Amino acid sequence: MPSYSPHGLALLRDPLLNKGTAFTEQERDALGLRGFLPAGVLSMQAQVERVLTNLRSLPSDLEKYVALNSLHDRNEALFFRVVCDHINEIQPLIYTPTVGLACQRYGLIFQRPRGLFISANDRGRIAEILSNWPYRTKLIVVTDGERILGLGDLGANGMGIPVGKLSLYSACAGIHPELCLPVMLDVGTNNEEFLNDPYYIGLRQKRMTGADYDEFVDEFITAAREAFPGVLIQFEDFANHSAFRLLHKYRDDACVFNDDIQGTAAVALAGLFSALRATRGKLTEQRILFLGAGEAATGIADLVVSAMMAEGLSETEALRRNWLVDSRGLVVKGRANLSGHKLRYAQDQAPINDFLSAIKALKPTAIIGVAAVGGAFTPEVLQTMAELNERPIVFALSNPTSKAECSAEDAYRHTGGRALFACGSPYDPVKFDGQTFVPRQGNNSYIFPGVGLGVIASGSRLVTDEMFMAAAHSLANSVSEADLKQGSLYPALPRIREVSAQIAAAVAGVAYQRGLAHGPTPNDLISFVQAQMYDPHY
Ligand code: NAD
């Protein structure tokens with residue numbers, strides 16, 4: 001809670017303290033609220049129901065997004081109560097897929113600032129800007145808006161992503177909202193449409209690049225670590241050429257991670273572990289073909305390779321079981337101009353130009369779509385996977401929905417209901433051949449909140465790959481037999497706070513074991529992390 005204590009109208013306008021119509025009669029007298037509120041006193045539960053009734057009457061998801069944001073700006077506890085108690089309904093509205101559309105329209109819907117916009121013009125005074133932030137901060141999500149979801153360069157409009165993501169940290173893992181700071185590093189945009197849009201909210205110039213860019217980011221990281229000692233910084237939606245570089249530059253010294261690379265990796269690995277529970281197969285026996293060779297694909301492949309090695313394969317053997325296809329075909333040795341992050345996966349193999357031919361040649365047990373190419377898992381791709389495998393593993397992880405490689409219905413229909421399917425966008429249950437399948441989203445939101453909580457709770461100095469592997473095991477272990485029976489590779493979202501606590505305990509366990517944490521190891525890690533979780537109430 002904030003250390004100040006506003007009174008009267010100022011209190012009603014303070015989202016951290018406002019309870020709106022739930023202020024009691026006594027509070028109304030004591031806090032100078034008489035006259036500002038109508039006579040009726042509502043319980044928080046009644047307020048939640050009123051919010052939902054209003055929300056459900058709105059015609060579009062974007063309007064619901066705006067309504068939820070303005071609730072967040074008015075009454076933070078009520079906003080989080082609504083999100084926590086109705087996570088299935090609300091998460092797609094405050095995060096993917098709706099947040100993608102919201103970012104595209106951010107110039108039109110921007111109302112109140114949330115977090116800090118730091119622009120290229122602020123070079124040399126970033127520490128001063130951070131000192132304007134009134135709350136003690138333990139978690140920053142930062143983006144430069146260059147690669148927002150699968151939507152490309154959205155410049156300063158990308159701020160919707162750190163804002164949405166931090167809401168999920170608070171809702172899904174109980175990290176107190178006051179500890180969370182969204183940051184937009186506005187280095188310009190190369191999005192011509194935005195540069196010509198009179199309502200564009202960002203810096204109207206082409207992106208800063210090269211040494212200038214690196215110095216700007218470095219000034220931010222240094223200033224943030226000084227302003228908020230021990231702060232966890234999560235890189236979000238940076239383009240490939242910055243994402244890998246920044247992660248490698250800072251990960252060994254600072255408490256940072258990149259969710260697009262490492263969080264995605266852990267959620268996908270957890271999906272594989274769950275699928276293998278259903279097939280009773282071994283990770284070390286899988287052949288995995290990725291469509292895409294970007295942050296998600298190489299992040300997942302790196303963690304899968306580490307997990308295969310942890311289960312006994314050599315690095316060479318593990319690499320030979322992970323293949324990437326990008327826009328120019330199979331990633332193979334000798335291909336000109338392969339970017340650094342793909343080199344590890346350049347296989348000794350003749351070039352193959354298209355995905356279907358690669359499937360026929362390599363006979364994968366699993367395909368993972370992370371190329372943001374909508375419809376790329378064609379009926380023929382799915383039928384071929386079903387011919388090759390009794391239970392083909394099919395992960396169509398790209399989002400938003402328009403970019404999904406295939407729908408859940410297609411995945412089941414074209415594999416005769418045998419696919420072990422995970423998706424990046426929400427799909428309704430599918431009825432096929434007398435069975436109802438409940439596909440669940442391989443959404444990073446199963447992983448990053450718990451990882452963040454574990455790191456913050458333990459005060460870990462670093463975020464390591466071992467923590468993501470522990471998180472993946474923990475997530476897969478939380479999937480019940482009943483989930484697996486109905487085709488769900490992830491637990492039901494309403495269990496997310498319990499799942500996040502387990503993940504946080506596993507992550508904190510690694511931090512203590514590796515000497516990265518503060519103080520002695522707590523006896524009961526679950527109770528230790530649970531005691532630090534924010535539960536929104538008045
Ligand atoms: P990225 O830009 O880093 O990578 C995209 C990759 O796709 C690049 O390697 C590119 O070469 C490749 N590609 C482009 N066109 C192609 C084509 N026609 N055929 C084959 N490959 C092609 O992006 P990313 O961060 O890796 O994300 C990719 C997608 O995965 C996005 O839609 C993103 O939203 C989604 N994603 C989902 C989750 C999740 O939780 N479900 C997590 C992370 C990313």
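Atoms within each ligand, like the ligands themselves, are counted from 1 in listed order. The basis for the numbers below is simple: all heavy atoms, side chains too, and nothing from hydrogens, waters or symmetry mates. The model shown is predicted, which means the values in this text are computed figures rather than measured ones.
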Is there side-chain contact between Ile233 and Val142, with at least one heavy-atom pair below 4.5 Å?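 Answer yes - side chains close enough.
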Inter-residue atom distance Leu139.CG - Leu181.CG, 0.5 Å rounding: 8.5 Å
I'd like the residue list for ligand 1, meaning every protein residue with a non-hydrogen atom under 4.0 Å from the ligand.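 Around ligand 1, where the cutoff is 4.0 Å for heavy atoms, the contacting residues are Arg147, Leu149, Gly150, Asn240, Thr264, Leu291, Gly292, Ala293, Gly294, Glu295, Ala296, Val325, Asp326, Ser327, Val370, Ala371, Ala372, Val373, Leu397, Ser398, Asn399, Gly424, Gly442, Asn443, Asn444.
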Does Lys165 make a cation-pi contact with Phe448, if we ask for NZ or CZ under 6.0 Å from the ring centre and within 45° of the axis? yes
For Asn444 against Pro449, the heavy-atom pair lying closest together: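 Nearest pair, atom of Asn444 first, then Pro449: O-CD, 4.0 Å.
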Minimum heavy-atom distance Asn157-Gln104, with the two atoms named: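 For Asn157 and Gln104, the tightest heavy-atom pair comes out as ND2-O, 3.8 Å.
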ring-ring contact (aromatic ring centres under 6.0 Å, His included): pairs with one or both residues in residues 138-167, sequence neighbours excluded: none
